[in-house]
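Beneath this line is the structure, given in structure tokens, with notes to follow.
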Amino acid sequence: MNTEQQLSDWLKSAFVAACGVEASSLSIRVTPATDTKFGDFQCNDAMPLAKLLKKPPRAIAEAVVKALPLPSFIQKLEVAGPGFINVTVSIEWLAEAACALAAAPRFGIPDEGQGKTVIIDYSSPNAAKAMHIGHIRSTVIGNALDRMYRALGYRVIADNHLGDWGTQFGKLIMGYRAFLTDEERANLTVELLERVYVQSHNLTEEDPAWLDSCKAELVKLQQGDAENRAIWQRFITISLEEFNRIYTRLDVSFDLYRGESFYNDILPETISLLQEKGLAVVSEGALVVNLEADGMPVCIVRKSDGGFNYAATDIATVRNRVAEFNPDRVVYVTDDRQQLHFKQFFKICEKIGIATSSRPGATSSLLPSPSSLPLLEHVCFGLMRLPEGTFSTRQGNVIKLDALLDEAVSRALKIVQESNPAMTETEQRELAEAIGLGAIKYADLSHDRQTLIVFTWEKALALDGNSGPYLQYAYARVCSLIDKAAEQGANAGQAAKLRLDTPLEKELALKLLQFPSAVSRAAELYRPNVLADYLYSLSQTYSSFYQQSPVLKSEPEIRDSRLRLCAMVAQALNQGLTLLGIRTPRRI
RNA sequence: AGGCCAGUAGCUCAGUAGGACAGAGCGUUAGAUUCCUAAUCUGAAGGUCGCCGGUUCGAUCCCGGCCUGGCCUACCA
């Protein structure tokens, strides 16, 4: 049983008894106290009620406090200020609740997604180009959502919607034939493809004949020309190999890799559907859906040259996903420049009756969907940029993802070597990998996703303060303690009675109780930083506790109690960091 | 021009059911290691929460207006 829920329920009955209102008309919420000096929990609902009942808020709060005899789990109930109700719970109950949580599966993460399906569309790099640091956010945020939704019991389908079918392939095919040696073609890499693309693209700008050839090759590809198709397939295979190497390194995996090309065959019928429904009309040679009545510009679904664009592909993709997986939600993790595009094609999907989308301004997507149609959600994030401006291939200031990861790992390695000279080199490298990548991921996940990130090496690779390694370090210290206790034969197991004698022990227990709601809130709001913030705060409290409270050197009863508390912290940190995709080495 | 997002400490950022003195990290500064990992901990300094109005018992938060920055606005994705 959720502890805050238990307190809310009881307080609600007290409100009913005190005010004589119907329980169903009351919404009573208990939250963790904003300051430990007020107590453990607080309820602010007497104040809004004052207006309805036309009574002073403080009088209401006082009546509530006196309405019912205190249950055993509440030690003290006080009114403060204009009408805050401060709750102090009994230590025994708190200890019991913490122990129950630790014994629960997945540290109490609710099974709220049972029977529901969510498709998460994330990462989605363009084929034939190396991944750069612009791809890190979608990949890391999407993967964290993926992990959290799975933990909440959802059936998750992680789909990597690769950009594998654009106009760039005509240029690539021409470039591939013209600018590569036989040997290079035999040992094709993404790097070579990138070079060829730039060369070919530049040539299109000076030589119209070249541009025409590129277009012709693209048409041949799209019409299924065997040779072009084979070349294209090679581009894709090589790109995927490269992407997968990075994904493996990042502990990211997908259920599906369905690029745009996957939907190519159903584009014509999708467009026909729009025409049949009278939604698509010809304008300036292109086929467009008029969205003026919805406050948006027209959306082109077929170009004037007859080609299909991304709107067409995205609509077709939704149709396919709905038909094949019957999802409750489809979540797109992309940068916020694409907001208009998503609003447009979401609206079109609504008009053809295959999906709904949350209304702009809706406070929460948690409200049950009014229909049984899948809910489309655009989880957008702020673009990453350099202090001097955006990344651009033309300016040549893109930072390859590999370079970023390597730099992070090498910085971590330096510190690892200093502090763990006894480790083998292999162990050091493995540890540096975990720490370096943890730093990168945490730097991203701990920010609100809408924040525009200005990239600097210093920030992205911070190893102390509010950083990934700080959390990993806290976890390693708990583990070290537990392992030492085991060596000494101390009882770190479930048998010890959990005492919460000091303020920090109590604070730790209270924080632990917040773990499940941190996870479900982070998932519901599509905001991993909610979980990251929680874990940081838990680590901070633990670090203070660790500094001032001896464990192994305390007398057995206290030692065992503290060990048990430490084991719970370890459990929560391990679970939480894993949900963020951050590794948890037992030793640092 | 219209739309979206943002403006919180010197710097980088948390703070979404409106609540008690606005929080971290970095940096600055004073301390802590005979003791379980100092990638740590404890303290100090540092704020008209962009500006003006409104709603409210109460606004960083909600509403309106303005200023500043970024992005988007028909055939790239």
Side-chain angles (χ1 to χ4, degrees), chain A residues 27 29 31 33-35 37-38 42 44 47-48 50-51 56-57 80-84 86 124 126 163 165-168 260 283-288 295-305 307-311 313-314 334-341 343 360 363-364 380 382-383 385 389-390 412 415-416 418-420 435 439 446-448 450-454 456 458-459 462-467 469-470 472-474 476-485 488 521 525 527 529-530 532-533 536-537 540 543-554 559 562 566 587-588:
Chain A
S27 155
R29 208 165 77 106
T31 54
T34 52
D35 193 313
K37 77 181 178 206
F38 299 134
Q42 67 183 51
N44 303 340
M47 291 172 281
K51 207 176 307 171
F84 298 104
N86 289 331
S124 311
N126 283 327
W165 199 246
T167 47
Q168 71 268 34
E260 290 157 4
S283 165
E284 295 176 30
L287 194 66
V288 306
M296 287 181 274
V298 296
C299 178
I300 293 179
V301 293
R302 197 182 62 206
K303 299 186 281 184
S304 49
D305 67 3
F308 300 107
N309 64 354
Y310 58 116
T313 310
D314 279 335
T334 81
D335 73 71
D336 57 17
R337 287 176 309 179
Q338 301 188 42
Q339 279 187 90
L340 177 59
H341 162 63
K343 267 166 77 178
T363 47
S364 167
C380 60
L383 208 61
R385 54 177 50 247
T390 44
I415 300 176
V416 168
E418 280 166 25
S419 53
N420 300 324
I435 293 170
S446 60
H447 287 94
D448 181 277
Q450 303 219 22
T451 303
L452 187 148
I453 291 189
V454 176
T456 62
E458 193 192 25
K459 261 196 302 172
L463 301 176
D464 49 37
N466 187 353
S467 70
Y470 177 93
Q472 291 172 315
Y473 184 66
R477 288 206 294 185
V478 201
C479 290
S480 168
L481 204 51
I482 292 166
D483 292 346
K484 278 232 163 75
Q488 295 173 11
R521 238 176 82 78
L525 299 170
R527 286 180 41 186
N529 77 307
V530 169
D533 286 350
Y536 176 61
S537 151
Q540 268 186 317
S543 293
S544 300
F545 162 81
Y546 180 88
Q547 204 76 23
Q548 73 162 58
S549 317
V551 175
L552 298 180
K553 295 196 166 72
S554 301
R559 178 196 62 193
R562 288 183 176 168
C566 286
R587 218 159 288 281
I588 281 186

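Proteins come first, then strands; the chains are lettered A, B, ... in the order of their sequence lines, and each starts at number 1.
- The closest donor-acceptor contact from the side chain of A/Ser537 to the backbone of A/Asp533 lies at 3.5 Å or more, if one exists at all.
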* Sequence-aligned protein contact record of nucleotides 31-43 of chain B, with B where the base is within under 4.0 Å of a protein heavy atom and S where only the sugar-phosphate is -> ----SBBSBBSS-

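- The side chain to side chain contact (heavy atoms under 4.5 Å, CB included) search around A/Ala462 returns none, not counting sequence neighbours.
- Taking atom CE on A/Met47 and atom C1' on B/rG18, their separation rounds to 10 Å, with Å as the unit.
- Of all the heavy atoms in A/Asp336 and A/Leu383, the pair that sits closest is OD1-N, 4.4 Å.
- The distance between atom CG of A/Asn466 and atom C1' of B/rG15, rounded to the nearest whole Å, is 13 Å.
- Taking atom CG on A/Asn529 and atom C1' on B/rG25, their separation rounds to 15 Å, with Å as the unit.
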* **Base versus backbone protein contacts along nucleotides 72-77 of chain B [heavy-atom cut-off under 4.0 Å; B, S, -]** => SSBB-B

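- Proximity of A/Arg527 to the phosphate of B/rG15: a side-chain N or O atom is located under 4.0 Å from OP1 or OP2.
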* Structure fact -> Note, RNA chain B 5' to 3' with Watson-Crick or G-U pairs under 3.5 Å encoded as ( ), [ ], | and . gives (((((((..((((.....[...)))).(((((.......))))).....(((((..]....))))))))))))....

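- Shortest non-hydrogen contact noted between A/Ala286 and A/Ile300 is CB-CG2, 4.3 Å.
- The aromatic ring of A/Tyr536 does not sit over the base of B/rA24; the criterion of centres under 5.5 Å apart with planes under 30° is not met.
- Residue A/Pro57 is classed as having no contact, given no heavy-atom separation below 4.0 Å to the nucleic acid.
- Legend: residues meeting ring pair (Phe, Tyr, Trp, His ring centres under 6.0 Å) with A/Phe545, ordered by chain and number and at least two apart, are A/Tyr542.
- In this structure, A/Asn126 has no side-chain hydrogen bond (donor to acceptor under 3.5 Å, both in side chains) partners at least two apart in sequence or on a different chain.
- Separating the C1' atom of B/rA14 from that of B/rA22 is a span of 11 Å, rounded to the nearest Å.
- Remark: side-chain polar atoms of A/Arg587 are not paired, donor with acceptor, to backbone N or O of A/Ser480 under 3.5 angstrom.
- A/Gln42 contributes a side-chain N or O that, together with a main-chain N or O of A/Thr34, makes up a donor-acceptor pair within less than 3.5 Å.
- Residues forming a ring pair (Phe, Tyr, Trp, His ring centres under 6.0 Å) with A/His447 (at least two apart in sequence, or on another chain): none.
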Would you tabulate the nitrogen or oxygen pairs shorter than 3.5 Å linking the protein to nucleotides 6-13 of chain B?
from, atom 1, to, atom 2, distance (Å)
B/rU12, O3', A/Lys459, NZ, 3.3

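- The C1' atoms of B/rC63 and B/rG18 are separated by 13 Å, rounded to the nearest whole Å.
- Take A/Phe38 and apply the ring pair (Phe, Tyr, Trp, His ring centres under 6.0 Å) test, not counting sequence neighbours, and it matches no residue.
- Nucleotides B/rC21 and B/rG65 place their C1' atoms 32 Å apart, quoted to the nearest Å.
- When side chains are defined from C-beta on, A/Gln472 does not count as touching A/Ser467, because their heavy atoms never get closer than 4.5 Å.
- Using a 4.0 Å heavy-atom distance criterion, A/Asn86 is classed as a base contact.
- A distance of 7.5 Å separates CG in A/Asp464 from CD1 in A/Ile415, rounded to the nearest 0.5 Å.
- As judged by a 4.0 angstrom heavy-atom cut-off over every strand, A/Ala80 is placed among the base-contacting residues.
- With P as the reference atom, B/rG25 and B/rA9 are 16 Å apart, rounded to whole Å.
- Partners of A/Asp335 by salt bridge (charged side-chain N to carboxylate O under 4.0 Å, His left out), not counting sequence neighbours, listed by chain and number: A/Arg337.
- Rounded to a whole angstrom, the distance from the P atom of B/rU29 to that of B/rA45 is 16 Å.
- The side-chain hydrogen bond (donor to acceptor under 3.5 Å, both in side chains) test applied to A/Asn529 returns A/Arg527, not counting sequence neighbours.
- A distance of about 47 Å separates the P atoms of B/rC36 and B/rG50, rounded to the whole Å.
- Separation of the P atoms belonging to B/rA1 and B/rG46 is 42 Å when rounded to the nearest angstrom.
- Listed by chain and residue number, nothing satisfies the salt bridge (charged side-chain N to carboxylate O under 4.0 Å, His left out) test with A/Arg302 (two or more places apart in sequence, or in another chain).
- Nucleic acid contact for A/Arg29: base, since at least one base atom lies under 4.0 Å from a heavy atom of the residue.
- Spacing of C1' atoms, B/rG10 relative to B/rU33, comes out at 31 Å, to the nearest Å.
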